[in-house]
Amino acid sequence: MATIKDIAKTVGVSCTTVSNVIHGKPGRVSAETIIKINKAIEDLNYVPNMSARSLVSNSSKVIGVINHIVTTRDKNFMEDPFHSIFIGAIESTLRENGYYLMLRTVETSQDLNFFLRNWNVDGLILTGIYEDDFYDVLTKLNIPVVLIDSYVSNPNICNVSLEDFNGGYLATKYLIDHGHRSIAFASPFIKYKGVVSERFDGYKKALSEANIEFNKDLVFEQELDTPTAIALGKSLAKRNDFTAIFSTADILAAGIITGLKQAGKKVPDDISIIGFDDINLCNLISPALTTIHQDAHLKGKLSVNYIIDKLENKPIHQRETILPVRVVERDSVMSIS
């Protein structure tokens with residue numbers, strides 16, 4: 001593998017001159033010499049040592065994406081296609097800006113400190129953040145931090161979030177407008193001041209407006225994985241105290257539909273269901289899933305834009321972006337009298 005020394009010998013200049021050109025600091029190096037150095041780089045197939053460049057520039061060009069979950073309970077968050085779209089958008093936007101992605105699931109604040117001690121990342125994008133000791137670590141960092149779907153507030157931290165309350169409200173109101181008055185709520189575990197709790201509050205608000213009494217027996221919380229979702233669908237098929245389900249994630253809704261079908265129930269003839277996210281899966285299952293749309297790709301892109309702006313010392317006039325939601329009608333909800 002070619003080195004800076006090899007390039008310097010080929011061109012007939014010092015290693016310092018080659019290094020300055022490689023790092024975009026040509027100084028008084030002539031245009032002719034720069035051309036010769038770049039040609040030698042190409043001819044010798046020189047590949048920069050990123051670790052060495054990191055030491056010189058004090059920048060690793062690596063952005064860490066941290067998923068904060070309890071791994072023994074929340075399973076693999078990449079099982080949800082929504083996260084695949086979101087992470088894909090982050091990676092492509094970072095790549096366009098000359099940065100690299102490091103993806104890591106971290107469970108405790110101690111794990112986060114260990115990660116930060118061992119990896120020189122230029123910035124962090126984090127999901128699943130609440131006001132706890134994990135969050136306390138973030139407030140002490142001197143690198144750009146962007147939170148995703150977080151309901152904590154800090155003037156030094158940017159946040160890209162969603163109209164979660166409105167999404168829960170719209171989903172439930174849509175079912176009510178189609179004649180349903182006994183509506184089940186299915187979700188991952190509800191955490192205080194989190195995405196699911198906001199959607200849950202929106203659900204309850206829509207019920208209250210329609211003078212429908214909230215029934216805690218129609219709330220179903222469980223792990224967000226396919227086998228558990230299918231099992232929930234089979235369990236729900238045995239009940240007759242609701243006509244519709246609001247699922248706070250499309251992947252959960254798809255599993256419930258599968259479970260309902262395996263238990264002999266038809267969607268939407270027997271039970272209607274509406275999801276949340278509007279992932280591609282909505283059009284692949286039968287019936288196609290009515291859902292609440294959010295733009296996962298835009299959410300990933302905006303989070304990177306915040307990081308890049310902070311690294312380039314650009315002024316940030318708005319530290320929080322709240323993306324809109326809307327209902328996307330398909331075939332999984334039936335009107336009833």
Side-chain angles (χ1 to χ4, degrees), residues 68-70 73-75 77 80 82-83 127-132 147-153 159-178 180-225 228-229 231-233 235-236 239 241-257 271-279 289-294 296 299 322-328 332-333:
H68 176 36
I69 62 173
V70 180
R73 184 192 66 201
D74 296 321
K75 303 297 176 78
F77 94 124
D80 187 343
F82 169 81
H83 291 121
T127 65
I129 302 302
Y130 300 84
E131 290 186 7
D132 52 20
L147 304 183
I148 305 299
D149 294 331
S150 176
Y151 285 89
V152 297
S153 179
N159 185 37
V160 181
S161 60
L162 192 71
E163 293 178 339
D164 290 300
F165 178 91
N166 189 39
Y169 173 83
L170 290 176
T172 310
K173 187 176 186 303
Y174 181 87
L175 295 173
I176 294 171
D177 289 345
H178 283 72
H180 299 276
R181 296 189 65 81
S182 296
I183 301 169
F185 180 89
S187 73
F189 296 101
I190 302 172
K191 302 175 186 176
Y192 177 66
K193 283 191 176 181
V195 166
V196 178
S197 66
E198 287 290 312
R199 297 175 189 179
F200 185 44
D201 288 344
Y203 160 80
K204 291 189 289 185
K205 174 67 173 178
L207 294 180
S208 176
E209 279 191 0
N211 294 317
I212 300 173
E213 185 177 354
F214 167 69
N215 183 354
K216 62 181 179 61
D217 293 332
L218 295 183
V219 177
F220 303 93
E221 304 173 63
Q222 68 288 301
E223 296 171 350
L224 190 59
D225 66 273
T228 305
L232 175 61
S235 175
L236 293 176
R239 303 179 60 136
D241 52 346
F242 58 87
T243 61
I245 304 167
F246 166 38
S247 168
T248 63
D250 290 340
I251 187 67
L252 175 58
I256 291 173
I257 289 174
I271 297 175
S272 292
I273 185 166
I274 186 170
F276 202 116
D277 288 333
D278 196 21
I279 58 178
L289 182 65
T290 294
T291 189
I292 299 297
H293 173 82
Q294 67 160 311
K299 183 178 284 186
I322 302 175
L323 298 177
V325 297
R326 58 183 169 84
V327 175
V328 177
S332 61
V333 175

Problem - Q294-D278 side chain donor-acceptor pair, cut-off 3.5 Å - result: no
Problem - Donor-acceptor contact below 3.5 Å, side chain T291 vs main chain G275 - result: yes
Handout entry: Passing option when D149 is tested against I129, L323, L162 for side-chain contact (heavy atoms from CB on, under 4.5 Å)
Key = L162
Practice task
Would you indicate whether the side-chain heavy atoms of F189 and E223 approach each other to under 4.5 Å?
Solution key: yes
Exercise for the section: State which residue, out of Y174, F165, F185, fulfils the ring pair (Phe, Tyr, Trp, His ring centres under 6.0 Å) condition with Y203. Expected result: F185
Problem - Side-chain (R181) to main-chain (A210) donor-acceptor, under 3.5 angstrom - result: yes
Practice task
Would you name the heavy atoms of F242 and L218 that are closest together and state the gap between them?
Solution key: CD2-CD2, 3.9 Å
Practice task
State, with a plain yes or no, whether a side-chain heavy atom of K173 is found less than 4.5 Å away from one of V327.
Solution key: no
Practice task
Looking only at non-hydrogen atoms, find the nearest pair between V333 and I273 and report the distance.
Solution key: CG2-O, 3.4 Å
Completion exercise
In terms of heavy-atom contacts, A244 and I271 come closest through CA-CG2, 4.3 Å
Problem - Heavy-atom closest contact (A253 atom, S247 atom, distance) - result: N-OG, 3.2 Å
Problem - S332 side chain vs I274 backbone, donor-acceptor pair below 3.5 Å - result: no
Problem - Close side-chain approach of I190 to V219, heavy-atom, < 4.5 Å - result: yes
Exercise for the section: Let me know which of E209, K205, E198 forms a side-chain hydrogen bond (donor to acceptor under 3.5 Å, both in side chains) with Y169. Expected result: E209
Problem - Gap between atom CG of N215 and atom CD1 of I183 - 0.5 Å precision - result: 12.0 Å
Exercise for the section: Taking the side chain as every heavy atom from C-beta outward, state whether N159 and Y151 have any atom pair closer than 4.5 Å. Expected result: no
Completion exercise
Taken to the nearest 0.5 Å, the spacing of K299 NZ from T127 OG1 works out to 10.0 Å
Fill in the blank from the handout: d(L175 CG, L170 CG) to nearest 0.5 Å is 11.0 Å
Exercise for the section: Drop me the distance from D177's CG to T172's OG1, to the nearest 0.5 angstrom. Expected result: 10.5 Å
Problem - Flag side-chain contact, heavy atom, 4.5 Å: E163 against I322 - result: yes
Problem - Shortest non-hydrogen separation from I176 to A206 and the atoms involved - result: CD1-O, 3.5 Å
Practice task
To the nearest 0.5 Å, tell me how far D201 CG sits from S208 OG.
Solution key: 11.5 Å
Handout entry: Student check: side-chain heavy atoms of I245 and F220 closer than 4.5 Å
Key = no
Handout entry: Over all atoms of both residues, closest heavy-atom pair of F246 and R199
Key = CE2-O, 4.1 Å
Practice task
To the nearest 0.5 angstrom, please state how far the CZ atom of F82 sits from the CD1 atom of I251.
Solution key: 13.0 Å
Exercise for the section: Answer whether the closest heavy-atom distance between the side chains of P188 and T248 falls below 4.5 Å. Expected result: yes
Practice task
Report yes if the side chains of H178 and S272 come closer than 4.5 Å at any heavy-atom pair, otherwise no.
Solution key: no
Practice task
Apply ring-ring contact (aromatic ring centres under 6.0 Å, His included) to F200 and F214, showing your working.
Solution key: CA-CA 11 Å; F200 185 44; F214 167 69; 5.8 Å; yes
